[in-house]
2 protein chains.
Amino acid sequence: MFSIGQLSKRTGVKIPTIRYYEQMGLIDEPERSEGNQRRYTKDGLSRLSFIRHSRDLGFSVEDIRGLLDLSQHPEKPCSDAHSIAAQHLQDVQSRIAKLRRLERELKRITKCDAGNVAACAVIETLADHGLCETEH
Amino acid sequence: MFSIGQLSKRTGVKIPTIRYYEQMGLIDEPERSEGNQRRYTKDGLSRLSFIRHSRDLGFSVEDIRGLLDLSQHPEKPCSDAHSIAAQHLQDVQSRIAKLRRLERELKRITKCDAGNVAACAVIETLADHGLCETEH
DNA sequence: TATAATTCCTCTAGCCACTAGAGCTTCAAG
DNA sequence: CTTGAAGCTCTAGTGGCTAGAGGAATTATA
Ligand SMILES: [Zn+2]
Ligand SMILES: [Zn+2]
Ligand SMILES: [Zn+2]
Ligand SMILES: [Zn+2]
């Protein structure tokens, strides 16, 4: 049996975050000590590790809810898991694409030879999207 | 003089967002009609366009506050503007790097030949970071 | 000019995924 | 048995908006 602090140390999930996941229904309410403190089992530990890793990989809490549900049903086909992952991959890729467009513009902007604000390329570009090379 | 709706159409910033920017102190409180409705000048329009474009480029509201302040002082050196932009560029680049690591892992994960959850690579990987190739 | 349609007003609350803090209780070591 | 760490609940704040209620003002049409 682990206290919430031990669980936190082992998973790297902060204590208030563990309680938040409980409130969100991602983890079951654990047993309590006589004095009402949470006591977790190994199952609780591995479930939280799953959540932690999924968050690290950028899945939303909603996605994780679905993935956890699936993981409780080993006999089911895994196509649902794949579509959650594929959708997430797409999201990540479109975020990357957007950030790369930003990166390009920001790199261009920061090549400013002027010394004062009146002629600064940064300020000028922010004031006028027409000076940009791409859409965003 | 523009109404808030006209300003919104010209800049592409939604009406509640304009009011939000006013509340946050990014734009001055505009004059009002006899019936208390906001009336904007061309100056208000260009200030809001500046904000819009800066947001599109991913700058935070705090950054924009600084950039707007600078843009009101054309005689100042533009080094402050450059450091805001450079910092932002760094942020963008580290976000890209992080997302690319995610992308790689997600691509790997989604190569699953199993048909059911019990043997699914997606679920297995989420349960065990040891199966990952990179840190995240 | 009367009425109808549209726009605008303020205020509050919700989104996501946490994070911080107040004020109190329980636990574990010595 | 005392003390200090760790736990409890509850509320509120983060960023950058967005939605909705309930009412007032403006504009367009008849
Ligand atoms: Zn410059
Ligand atoms: Zn632009
Ligand atoms: Zn699979
Ligand atoms: Zn991993």
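What you see is a predicted model; the values in this text were computed from it and never measured. Residue numbering restarts at 1 for every chain, and letters A, B, ... go by the order of the sequence lines.
- Judged by distance alone, the side chain of B:Ser49 and the main-chain N or O of B:Thr11 form no donor-acceptor pair under 3.5 Å.
- With hydrogens and angles left out, the side-chain atoms of A:Thr134 and A:Glu105 include a donor and acceptor closer than 3.5 Å.
- The aromatic rings of A:His53 and B:His129 sit perpendicular to each other, their planes meeting at more than 60°, with 30° as the lower class boundary.
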**Message:** Using a 4.0 Å heavy-atom cut-off to protein, can you give one letter per nucleotide of nucleotides 9-19 of chain D, 5' to 3': B if the base is in contact, S if only the sugar-phosphate is, - if neither?
**Reply:** B------BBB-

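- Close to D:dA6, at under 4.0 Å from its OP1 or OP2, lies no side-chain N or O of A:Ser3.
- Comparing A:Gly35 and B:Lys9 by the nucleotide of DNA chain C that holds the closest heavy atom to each, the one mapping nearer the 5' end is B:Lys9.
- Regarding A:Gln37, its CD atom lies at a distance of 6 Å from the P atom of D:dC8, rounded to whole Å.
- What you find for B:Cys132 and B:His136 is that their closest heavy atoms are SG-CE1, 3.5 Å.
- At a non-hydrogen distance threshold of 4.0 Å, nothing from residues 84-105 of chain B comes into contact with DNA chain C.
- Side-chain atoms of B:Ile18 and B:Tyr40, non-hydrogen and from C-beta on, do get closer than 4.5 Å to each other.
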**Request:** Check step by step if side-chain contact (heavy atoms from CB on, under 4.5 Å) holds for A:Leu57 and A:Ser54.
**Result:** CA-CA 5 Å; A:Leu57 286 165; A:Ser54 304; 5.8 Å; no

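- You can see that DNA chain C meets the heavy atoms of chain A within a 4.0 Å-exclusive cut from C:dA17 to C:dC27, reading 5' to 3'.
- More than 12 heavy-atom neighbours from other residues, nucleotides or ligands sit within 6.0 angstrom of CD on B:Gln6.
- A 6.0 Å sphere centred on CD of B:Glu29 holds no more than 12 heavy atoms belonging to other residues, nucleotides or ligands.
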